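Written below as structure tokens is the structure these notes are about.
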There are 2 protein chains.
Amino acid sequence: MKGEIDKKLKQRNIKPTAMRELVYEVLDKNKKALSLYEIEQQFDNVERSTIFRTLKTFQDNFLIHSIDDGTGAVKYALCDEGCTCDPDDLHVHYLCNKCGQTHCLRDMPVPKMELPQDFSFESANFVVKGICSNCK
Amino acid sequence: MKGEIDKKLKQRNIKPTAMRELVYEVLDKNKKALSLYEIEQQFDNVERSTIFRTLKTFQDNFLIHSIDDGTGAVKYALCDEGCTCDPDDLHVHYLCNKCGQTHCLRDMPVPKMELPQDFSFESANFVVKGICSNCK
DNA sequence: GAAATACATGCAACAGTATTGCAAAGGTGT
DNA sequence: ACACCTTTGCAATACTGTTGCATGTATTTC
């Protein structure tokens, strides 16, 4: 288990520390995107800033991606293997207005839009909101 | 001019006050989406909270819509005439990573996604990021 | 037109999230 | 063991958004 996680971290050139293994584990076992606060809640005595910087490191190395779902807190979820967060790697996210959970719709790529002349497409944030099947 | 604005406000059941006319004017003459802070900057001695509540009133009555472009500050832009901010009224927004300006791509509707079973589509936020034609 | 009522505004304070500086702790290589 | 670099914890702070309350302004009612 720990070995598996370390491998994932090393694949992304992230030195595996206890903290990072734990944060990875939390992101992995929860099947939804989590905010900094939500991650903090799953630990007893871990500094917010440490988690914050851990997430930043993860994000810089494309191990996780961030989602701004409009709730005020940025959420984080694991990237798929080999993801480089290029336009081609992007997928749609879904925020349930009832339970507040944000899910990755990993098999739903963000559609390429035909932008106006001379506008480049570097990245995108596409969040669909509604009521999820659980809350229906 | 003032008459035109009052008409727009009244169409949306918003009582036209001096404040509201001014905020509307600012949103109208800038052709991009503005944050609360940016709107505040265009006045000399107007309370943030007043503008905040004005925007809230506008939004509740579908005169403006808000965009969360991931920069940390919500931005606001005028709705098209007759807009009710339904899924059908939504359009894509564009954030330039260089100049930081956010534009409405009004003629680019948010594509309807085929969501997983029992997930409803109530609204969406679709922001494309890149370099705009001005900054290229 | 004056009194009563409702609504809008300004001020101040506060809440939540994100972020940074700095020092201590931990690990790595020589 | 020592020097070096990275990570972590603590504290403080910035920024945006939000609310309570008092005051001012407009609108209605008589």
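Please read all numbers here as calculations on a predicted model, not as lab measurements. So that the names make sense, note that chain A is the first sequence line, chain B the second, and so on, each numbered from 1.
In this structure, the NZ atom of A:K56 is 13 Å from the P atom of D:dT7, given to the nearest Å. In this structure, A:K15 places its NZ atom 7 Å from C1' of D:dC5, rounding to the nearest Å. Look at CD on B:Q59: it is 11 Å from P on D:dG17, rounded to the nearest Å. What separates CD of A:E40 from C1' of D:dT8 is a distance of 14 Å, to the nearest Å. Rounded to whole Å, the distance from CD on B:Q41 to P on D:dC15 is 12 Å. Distance B:I14 CD1 to C:dC7 P: 15 Å, rounded to the nearest Å. If you measure from atom CG of A:N61 to atom C1' of D:dT7, you get 15 Å, rounded to the nearest angstrom. The distance from atom CD of A:E21 to atom P of D:dT7 is 13 Å, rounded to the nearest whole Å.
A donor-acceptor pair under 3.5 Å links the side-chain atoms of A:R12 to the main chain of A:F62, judged by distance alone.
With no hydrogens or angles considered, no side-chain donor-acceptor pair links A:S133 and B:Q117 at under 3.5 Å.
Counting only heavy atoms from C-beta outward, the side chains of B:Q41 and B:Y37 approach each other to under 4.5 Å. The closest side-chain heavy-atom distance from A:D80 to A:D89 is not below 4.5 Å.
Proximity of the aromatic rings of B:H93 and B:H65 is defined here by a centroid distance below 6.0 angstrom, and this criterion is met.
Listed by residue number, the members of residues 43-52 of chain B with any heavy atom below 4.0 angstrom from DNA chain D are B:R48, B:S49, B:F52. Shown for residues 62-79 of chain A: no residue has heavy atoms falling under 4.0 angstrom of DNA chain D.
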- Step by step, work out the side-chain hydrogen bond (donor to acceptor under 3.5 Å, both in side chains) result for B:T102 and B:K75. CA-CA 8 Å; B:T102 298; B:K75 290 179 181 168; 3.1 Å; yes
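For B:T17, a side-chain nitrogen or oxygen approaches OP1 or OP2 of C:dT9 to under 4.0 Å.
At a cut-off of 3.5 angstrom, the base of C:dG10 holds at least one donor-acceptor pair with the side chain of B:R53.
In the hydrophobic cluster analysis, where Ile, Leu, Val, Met, Phe, Trp and Tyr join through side-chain heavy atoms closer than 4.5 angstrom, B:Y94 is grouped apart from B:I67.
By the neighbour-count criterion of 12 heavy atoms within 6.0 Å, atom NZ of A:K56 is sparsely surrounded, having that number or fewer from other residues, nucleotides or ligands. More than 12 heavy atoms of other residues, nucleotides or ligands sit less than 6.0 Å from atom CZ of B:F43.
Remark on DNA chain C: of its neighbouring residues A:L36 and B:M19, the 5'-side contact belongs to B:M19, judged by nearest-heavy-atom nucleotide.
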